[in-house]
Amino acid sequence: MPLISVLAKMEMRGISLDTDILKDLSLRAGEELEVLSDEIYRLSGENFNINSPKQLGEILFEKLKLPGGSKTKTGYSTSSNVLEPLKDHYRIVSLVLDYREINKLKTTYLDVLPGLIDTFTGKLHTSFNQMITSTGRLSSSNPNLQNIPVRTEFGKLIRKAFKPSSEENILFATDYSQIELRILAHYSDSERLIKAFQDGRDIHSETARDIFELPSDAVIDSSMRRIAKTVNFGILYGISDFGLSRNLGIDRKEAKKYIESYFFKFPGVKDYIDRVILEARKNGYVTTISGRKRHLNRISDRNMNIRKGEERIAVNAPIQGSAADIIKLAMIQIDREIDDRKLKTGMVLQVHDELIFDIFPGEFDTVCRIVKTHMEKACKLGVPLIVEFKKGIDWYHMESFQVL
DNA sequence: TCGATCACGC
DNA sequence: CTCGAACGTGATCGAA
């Protein structure tokens, strides 16, 4: 039953890393940083440490008098939340954001990962920690391979360096489709949510139709879908009108309207939230689908900030934690079957709702079946669990495909 | 050495 | 009227 041996095997197996690719990217990043910092200094009229939020804040908000005053006790906030709205009006802000992105990638990944390759195995070996998180998720450290960039194009290039263990092998990635929203559908027993998943519909577009009160055949444009997607994520995290308004860049009134119409259309979700908070107050903890507890000792605290914070945790922990339970069960079963069949293919990474395998020649079809079956049947919910598949010669060139 | 800030992932 | 997303790891700054 234990997961620990599965994790141990993954850690020992490691993953191949092409350091030439990272060295090349690091060089490019260095040149780009040079150009960006020169231009930032020119526009500032002086040299300073761009990596120092204190110095940067003083340059932007005192010397150059950009709008957007102080925010923290230590001085001006220069977080991307603050800088993002300014970047179209002030070139220096746009350059700073670019600098931050490139510098992050260079110092956290490009210049660090090659030095962590094990001299004996020639591979990268992470540590998967089971005893760290409060929800039951795994964490990964030294190096953290659960936060390899994917969002920006330059960041995604880093994934070209992650390769299967030989030229003949294939990298294979599977991920649960919307597992947390499916768990919410299961717990809330929301008729509309369950129906949407049973019919295999795009859940964010469906949500958009509901909160904007559109007919079921209405075409959903990208901005409506984006709003609905943010609302869905907000629900999972224990939503508030303030949080949603900040995330969508709209005023609080409007955010409140979205939330109200969401709860009107998905009353089961509203009930779930109320129910899980009451449960936390009564028991002092909430539980996941396999019975893991998250203690919430301050759920009835007099301080509203603390209380609201605990309530958000009460809403989110059963969802995030159950997703963690489910993928762990799948990992154990997949590992056992690979072992029983004496296959050489091995699991190499887990990224919360995603598994990555190093597939050996001749084992592809077998492994696809095994992984699909165990992931989709790991837990019986009120909605189907669906898994999506990708394969490729490295972690960048991944192509979707169907497993029947 | 360590808290604060920032940014990467889900 | 407060504060303000859930869960992590890690690089860097700068005060202690």
Side-chain angles (χ1 to χ4, degrees), chain A residues 48-57 71-84 96-113 116 126-152 154-156 158-159 175-176 178-181 183-184 230-248 252 255 259 286 294 296 301-324 327 349-354 395:
Chain A
F48 66 100
N49 186 351
I50 306 169
N51 297 320
S52 163
K54 183 168 179 285
Q55 293 180 39
L56 179 64
K71 266 192 62 174
T72 63
K73 45 183 165 270
T74 52
Y76 301 97
S77 171
T78 65
S79 70
S80 59
N81 283 335
V82 173
L83 298 188
E84 202 66 34
V96 166
L97 287 169
D98 289 347
Y99 177 94
R100 283 245 179 96
E101 181 198 335
I102 307 287
N103 193 50
K104 169 74 178 179
L105 299 174
K106 184 168 188 294
T107 58
T108 305
Y109 306 100
L110 300 175
D111 294 344
V112 174
L113 293 179
L116 294 173
T126 185
S127 295
F128 285 110
N129 316 297
Q130 265 202 105
M131 303 292 293
I132 295 286
T133 69
S134 49
T135 54
R137 274 188 173 184
L138 301 179
S139 77
S140 159
S141 56
N142 301 302
N144 182 356
L145 296 184
Q146 290 182 321
N147 72 345
I148 300 303
V150 68
R151 210 180 75 258
T152 67
F154 186 73
K156 199 170 173 183
I158 294 171
R159 295 188 171 219
D175 72 285
Y176 279 115
Q178 306 291 358
I179 188 168
E180 295 194 343
L181 286 172
I183 290 166
L184 176 66
T230 307
V231 172
N232 277 328
F233 276 108
I235 297 291
L236 296 175
Y237 295 153
I239 202 164
S240 73
D241 52 8
F242 181 92
L244 185 65
S245 69
R246 197 169 62 82
N247 236 282
L248 285 174
R252 206 163 156 162
I259 294 169
V286 291
R294 169 77 190 257
L296 295 162
D301 201 285
R302 283 165 45 254
N303 182 325
M304 185 192 260
N305 302 324
I306 292 182
R307 197 167 65 245
K308 291 285 181 199
E310 295 268 285
E311 288 175 1
R312 285 196 296 276
I313 295 169
V315 171
N316 177 265
I319 296 171
Q320 187 185 123
S322 296
I327 196 167
L349 297 177
Q350 188 255 39
V351 192
H352 308 307
D353 64 350
E354 184 180 3
W395 206 6

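Just so you know, these numbers use all the heavy atoms, side chains as well, and skip hydrogens, waters and symmetry mates. What you are looking at is a predicted structure, and each value in this text was computed from that prediction instead of being measured. Order of the sequence lines sets the chain letters (A, B, ...), proteins ahead of strands, with each chain counted from 1.
- Nearest to the side chain of S79(A), among dC8(B), dT2(C), dC6(B), sits dC6(B).
- Which of dC6(B), dC7(C), dT9(C) sits closest to the side chain of Q320(A) comes down to dC7(C).
- At a threshold of 4.5 Å between non-hydrogen side-chain atoms, the residues R252(A) and R246(A) do not count as touching.
- Between F233(A) and I239(A), every side-chain heavy-atom pair lies at or beyond the 4.5 Å cut-off.
- Put simply, CG on L138(A) is 12 Å from P on dG8(C), counting in whole angstrom units.
- For residues 139-146 of chain A, proximity to DNA chain C is found at S139(A), S140(A), S141(A), N142(A), N144(A), defined as any non-hydrogen atom under 4.0 angstrom from a strand atom.
- Taking the nucleotide of DNA chain C with the nearest heavy atom to each of T108(A) and L236(A), the more 5' of the two is matched to L236(A).
- N247(A) comes within contact range of at least one nucleobase, with a heavy-atom separation under 4.0 Å.
- The residue R312(A) sits close only to the backbone: its heavy atoms come under 4.0 Å of sugar-phosphate atoms, none of a base.
- Distances from the side chain of S80(A) to the nucleotides dA5(C), dA7(B), dC8(B) place dA7(B) closest.
- For the P atoms, the distance linking dA5(C) with dA7(B) amounts to 15 Å, nearest Å.
- Atom name P, nucleotides dG4(C) and dT5(B): the rounded distance is 11 Å, in whole Å.
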**Request:** Determine which bases of DNA chain C form Watson-Crick or G-U wobble pairs with both distances under 3.5 Å, and write the result as a 5' to 3' dot-bracket string with | for other-strand partners.
**Result:** ......|||||||||.
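- Of the candidates dC7(C), dA7(B), dG8(C), the closest approach to any side-chain atom of I132(A) belongs to dG8(C).
- Proximity of a side-chain donor or acceptor of S141(A) to a complementary backbone N or O of N144(A) within less than 3.5 Å is not detected.
- Distances were taken from every side-chain heavy atom of N147(A) (C-beta onward) to each of dT9(C), dA11(C), dC7(C); the shortest belongs to dT9(C).
- dA5(C) has no base stacking with the ring of Y237(A) when judged by centroids under 5.5 angstrom apart and an interplanar angle below 30°.
- Comparing Q55(A) and F242(A) along DNA chain C, the residue whose closest nucleotide (by nearest heavy atom) sits nearer the 5' end is F242(A).
- The CG atom of L244(A) sits 13 Å away from the P atom of dA5(C) (whole-angstrom rounding).
- Side-chain atoms of R151(A) stay outside donor-acceptor range of the base of dC8(B), with no qualifying N/O pair under 3.5 Å.
- Distance from the side chain of T107(A) is smallest to dT12(C) among dC10(B), dT12(C), dC13(C).
- For R137(A) (side chain) and Q320(A) (main-chain N/O), no donor-acceptor pair under 3.5 Å exists by modelled atom type.
- Counting to the nearest Å, the P atom of dA5(C) and the CD1 atom of I239(A) are 14 Å from each other.
- With a 4.5 Å cut-off on side-chain heavy atoms, N142(A) and L116(A) do not count as touching.
- Between R294(A) and T135(A), the side chains place no donor N or O within less than 3.5 Å of an acceptor N or O (distance only, hydrogens not considered).
- The V351(A) side chain lies nearest to dC10(B) when the options are dC10(B), dA5(C), dA15(C).
- N316(A) places a side-chain N or O within donor-acceptor distance of the main-chain N or O of L236(A), the cut-off being under 3.5 Å.
- Closest approach of L83(A) and R100(A) over heavy atoms only: CD1-NH1, 3.9 Å.
- The shortest side-chain heavy-atom distance between E101(A) and T152(A) falls under the 4.5 Å cut-off.
- In the set dC13(C), dA6(C), dC3(C), dC3(C) carries the atom at the smallest distance from any side-chain atom of N305(A).
- Here the side chain of S240(A) is nearest to one of dA11(C), dG8(C), dG4(C), namely dG4(C).
- Annotation for L349(A) and L145(A): closest pair CD2-CD1, 3.7 Å, computed over non-hydrogen atoms.
- The T230(A) side chain lies nearest to dA5(C) when the options are dG9(B), dC8(B), dA5(C).
- When every heavy atom of V286(A) is checked against every heavy atom of A317(A), the shortest pair comes out as CG2-CB, 4.2 Å.
- In this structure, I319(A) reaches neither bases nor backbone, as no heavy-atom distance under 4.0 Å exists between it and the strands shown.
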